Amino acid sequence: MPFDTSGLPQPPDARAWSFTEGFSAETSSMIEARRRSAELKAHFVSPATGSALQFLARAIQAQHIVEIGTSTGGATQWLVKALPEDGQITSIDVDGEHHRIAKELFTRADIPLHLTRLITGRPAEVLPRLSDGAYDMVVIASDASDLNPLLDQAVRLLRLGGLVVVLDAFGGGKVGDPAQRDSATVARRLLVQRMGNDPRLTPSLLPVGDGLLAAVVNSYELPADH
């Protein structure tokens with residue numbers, strides 16, 4: 001059955017979309033991170049997505065954040081602005097070149113060294129070494145073919161009331177189109193559906209950038225009948 005759109009506002013046109021993306025100003029190092037990511041065909045965040053991440057982190061007074069998929073550090077730069085002096089972002093990426101560029105841009109942005117911890121490695125190997133319930137926010141910016149294990153790890157790492165955030169939830173516009181069946185799109189679609197139905201989570205799908213799916217962790221245990 002198709003979704004009933006009666007009474008809903010029209011989707012934004014190009015001017016409204018441009019206004020939304022231009023509402024939050026990027027620094028020169030954030031713009032450079034986007035440019036370098038595009039050159040590497042790596043993940044990057046739009047200004048609206050970055051400012052949404054910063055807003056969410058500040059709203060929950062996040063001190064400790066895990067980022068799965070550093071790319072060239074654009075999202076990290078937005079998030080670090082929400083941290084207190086004793087906070088830290090642990091950012092994981094399989095590509096050492098991504099981390100080299102991210103460190104270069106962090107230096108240019110005058111980000112104190114102690115606020116970021118970059119770990120080069122596979123998330124499946126790194127995440128199990130991080131402590132249960134020790135983090136306030138986990139950001140998933142990964143194009144892995146199986147995203148379910150990342151969600152399970154995120155819930156484990158977060159305190160109750162913490163946030164798990166999935167970037168690029170629309171998958172380039174493909175996730176909402178059932179006809180799109182490539183492996184990356186199917187993996188992202190399954191993750192979005194799972195988060196929408198997981199009784200441990202309170203989710204919301206936000207139409208910024210390429211989609212931002214955020215969910216509050218309410219419980220660690222699934223109901224017996226789930």
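Computation of the quantities below employed the complete heavy-atom set of this structure, encompassing side-chain atoms and omitting hydrogens, waters and symmetry-equivalent molecules. What you are looking at is a predicted structure, and each value in this text was computed from that prediction instead of being measured.
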Please check this pair: side chain of [X] against backbone of [Y], looking for a donor-acceptor N/O pair closer than 3.5 Å.
X: Ser131; Y: Ala134; result: no
X: Thr185; Y: Arg181; result: no
X: Ser37; Y: His43; result: yes
X: Thr20; Y: Ala16; result: yes
X: Thr70; Y: Thr72; result: no
X: Gln63; Y: Gly87; result: no
X: Arg36; Y: Ala42; result: no
X: Thr107; Y: Lys103; result: yes
X: Asn197; Y: Gln193; result: yes

- Do Thr120 and His99 get their side chains close enough for a donor-acceptor pair, meaning under 3.5 Å? yes

- Please check if any side-chain donor atom of Ser29 sits under 3.5 Å from a side-chain acceptor atom of Arg108, or the reverse. no

Do [X] and [Y] make a side-chain contact, defined as non-hydrogen atoms from C-beta onward lying under 4.5 Å apart?
X: Ser51; Y: Phe23; answer: no
X: Leu163; Y: Val138; answer: no
X: Leu213; Y: Leu206; answer: no
X: Val175; Y: Arg189; answer: yes
X: Leu79; Y: Arg58; answer: no
X: Leu147; Y: Leu151; answer: no
X: Ile111; Y: Gln77; answer: yes
X: Leu83; Y: Ile65; answer: yes

Take a 6.0 Å sphere around [atom1] of [X] and say whether it holds more than 12 heavy atoms from other residues, nucleotides or ligands.
X: Phe55; atom1: CZ; value: no
X: Phe44; atom1: CZ; value: no
X: Gln61; atom1: CD; value: no
X: Leu113; atom1: CG; value: no
X: Glu39; atom1: CD; value: yes

- Partner of Leu212 under side-chain contact (heavy atoms from CB on, under 4.5 Å), chosen from Val166, Leu56, Leu205: Leu56

- Rounded distance (nearest 0.5 Å) linking atom CG of Asp93 with atom OG of Ser71: 7.0 Å

Salt bridge [X]-[Y], side-chain N to carboxylate O under 4.0 Å:
X: Asp95; Y: Arg100; answer: no
X: Glu67; Y: Arg117; answer: no
X: Arg188; Y: Asp168; answer: no

- Query: Which pair of non-hydrogen atoms, one from Val208 and one from Ala52, has the smallest distance, and what is that distance?
  - Reply: CG2-CB, 4.3 Å

- Message: Assigning hydrophobic clusters by single linkage (Ile, Leu, Val, Met, Phe, Trp, Tyr; side-chain heavy-atom cutoff under 4.5 Å), is Val165 placed with Val192?
- Response: no

- With sequence neighbours excluded, residues passing salt bridge (charged side-chain N to carboxylate O under 4.0 Å, His left out) with Asp86: none

- Item | Residue pairs involving residues 8-28 (criterion salt bridge (Lys or Arg N to Asp or Glu O under 4.0 Å); sequence neighbours excluded) | Glu26-Arg34

